[in-house]
2 protein chains.
Amino acid sequence: MTIQFLGAAMGATGSEVSPRVEAKRQRRRAEILEAAIQAFREKGYHGTTLEDIAERLGVRNTALYHYFPDKEAILYECHRESLGQVMTLLDDARRHSDSPAEQLRYLIAEHVRVMTETLRGSSLAFEVHSLAPEHQAEIIRERDRYERGLRKVITAGIDSGEFRDVNPKITVFAILGAINWIARWFDPDGTIHSPELGAAFADQLVGGLT
Amino acid sequence: MTIQFLGAAMGATGSEVSPRVEAKRQRRRAEILEAAIQAFREKGYHGTTLEDIAERLGVRNTALYHYFPDKEAILYECHRESLGQVMTLLDDARRHSDSPAEQLRYLIAEHVRVMTETLRGSSLAFEVHSLAPEHQAEIIRERDRYERGLRKVITAGIDSGEFRDVNPKITVFAILGAINWIARWFDPDGTIHSPELGAAFADQLVGGLT
DNA sequence: TCAAAAACTTAATGACAATTCAATTTTTGG
DNA sequence: CCAAAAATTGAATTGTCATTAAGTTTTTGA
């Protein structure tokens, strides 16, 4: 009766279950994560009950234990999901242009898109301290990697003369603050939409560096 | 035995207790709020126990009930405190300069100062949904008033030609996001300090509007 | 079609944390 | 110094979840 949470291992050994079944399981896991992200976004991690998440899916809270060992594991996966999404942007940005200013504009606009279109990015705005110590360390390490990537773009821009001599650390905090805050006010049914928002943020936040 | 929470009413009838005693009580209330703000900032509202708050003050959690009727009341007062602090900035800014750009720079720098020097401002970054419905409505109404005040400065700047034709709503969200995010990363013992941070934010966020 | 696997359910369990209550200690002001 | 008020405490209460256990229903694939 022990459930193995193959999905969590990502590199699933997969020899035990048919790919069809495994794929279905993964889809369901994704649905749970999406419901969880929405709930966490609205009420915070501690303020959200498993009931809240299950309700959005039309099941009982205990059903979730078939997919995740506990509540913290759900939060952990939300963070991994978000980090995975934005982390790829760093490489994309390098391919997108050679100009640091253009790279930064791209990164901001795409990060905003990830935050709004798929709510996938919003976990970055969640409280990290709710994670178990080991998970917390891992997520913080990854998040730092992302922040370092952004700072590198800023530094490159300063070196190339595209940006004035700003403090990269502070600059990145301002950018991430503006973006992460989106999770607090954005309404998918509202009048503001991703492309407009991304462009506006890029204009303001990058424009202020020249 | 019923405790009256005179402090909460602010317009205390005060005829029952000596001013000396009342003043002491207010000081203690302030201490509790400060401890609570720090705890909430680190663990979030639901993630913080009354024990956490009491511990910082060297008392038992039940002692807090002498000053606040319940946990939610503490959060409520934190929000009121923060809003009170930043709300006065709107008037200060008008007195400070006639130029919208200068007003906005002032507002950003001062808001940053309030966030970092006294942690008083950080409650604005707390989750509003944890408040009781009536309190939530009041706080949101006040917060909206602050946001409107900021938008008015942006609009004035556009009209005066100091700013380009940006979307005031988005612009204010970016500014408040950057500032509120400070609560998540700022370390009072770190290398970044208020004046530098305030100036850097003002440069980047206002500079991007011209 | 049918047995095994998977998905989900209902009914406990147990912990924790907010709150209440009934003292006890400390402070205040005459 | 002393009685009343204020501050605090320890013990008891309670409700809310997360989690576990033990079925039941649904899906899968041969």
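Chain letters run A, B, ... following the sequence lines, proteins first, then strands; residues in each count from 1. Reckoned from all heavy atoms, side chains included, excluding hydrogens, waters and symmetry mates.
Computed from coordinates, the A:I32 CD1 to C:dA6 P distance equals 15 Å when rounded to whole Å. Per the geometry, CD1 belonging to B:I74 stands 13 Å off C1' belonging to C:dA17, to the nearest Å. Here the C1' atom of nucleotide D:dA18 and the CZ atom of A:F68 are 16 Å apart, to the nearest Å. A:H46 has its NE2 atom 15 Å from the C1' atom of C:dA15, to the nearest Å. Residue A:R27 contributes atom CZ, which lies 9 Å from atom P of D:dT28 at whole-angstrom precision. If you measure from atom CG of A:N61 to atom C1' of C:dA11, you get 12 Å, rounded to the nearest angstrom. Here the P atom of nucleotide C:dT20 and the NZ atom of B:K71 are 15 Å apart, to the nearest Å. Atom NE2 of A:H66 is separated from atom P of D:dT27 by 14 Å (rounded to the nearest Å).
Contact annotation: A:R25 reaches the phosphate of C:dA7 (side-chain N/O to OP1 or OP2, under 4.0 Å). Within the 4.0 Å cut-off from OP1 or OP2 of D:dG10, at least one side-chain nitrogen or oxygen of B:R60 is found. Contact annotation: B:R28 does not reach the phosphate of D:dA6 (side-chain N/O to OP1 or OP2, under 4.0 Å).
Side-chain polar atoms of B:H135 and B:E72 form a donor-acceptor pair below 3.5 angstrom. Side chains of B:Y45 and B:H129: a donor-acceptor N/O pair is absent below 3.5 angstrom, by distance only.
When the C1' atoms of four end pairs are superposed on the next four at each end of the helix from C:dT1-D:dA30 to C:dG30-D:dC1, using five pairs per end, the two resulting axes differ in direction by 30°, to 10°.
Interatomic distance, CG of A:D203 versus CG of B:N167, reported as 11.5 Å (0.5 Å rounding). Going from atom CZ of A:R94 over to atom CD of A:Q103 covers 7.5 Å, rounded to the nearest 0.5 Å.
Closest to the side chain of A:Y65, from the set D:dA18, C:dA7, C:dT9, is D:dA18. The side chain of B:V59 lies closest to D:dT9, out of C:dT19, D:dT9, C:dT9. Nearest nucleotide to the B:T49 side chain, out of C:dA17, D:dA18, C:dC8: C:dA17.
Between A:G58 and B:E72, the residue whose closest nucleotide on DNA chain C is further toward the 5' end is A:G58.
Across all strands shown, A:T62 has heavy atoms under 4.0 Å from base atoms, whether or not it also approaches the sugar-phosphate.
Salt bridge status for B:R80 with B:E138: present, with a side-chain N to carboxylate O gap under 4.0 Å. Salt-bridge check for A:R141 with A:D144: failed, with every basic side-chain N at 4.0 Å or more from each acidic carboxylate O. B:E31 and B:R27 are not joined by a salt bridge, as no carboxylate oxygen comes within less than 4.0 angstrom of a charged side-chain nitrogen.
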Which protein N or O atoms sit under 3.5 Å from an N or O of nucleotides 26-30 of chain C?
unit_1 : atom_1 : unit_2 : atom_2 : d
C:dT27 : O3'    : B:K24  : NZ     : 3.2
C:dG29 : OP1    : B:S18  : OG     : 2.6

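Counting heavy atoms from C-beta outward, B:F173 and A:L197 have side chains that stay 4.5 Å or more apart.
Between A:F40 and A:F126, the two ring planes are perpendicular [angle over 60°; tilted spans 30° to 60°].
For CZ of B:R145, the number of neighbouring non-hydrogen atoms (other residues, nucleotides, ligands) closer than 6.0 Å is 12 at most.
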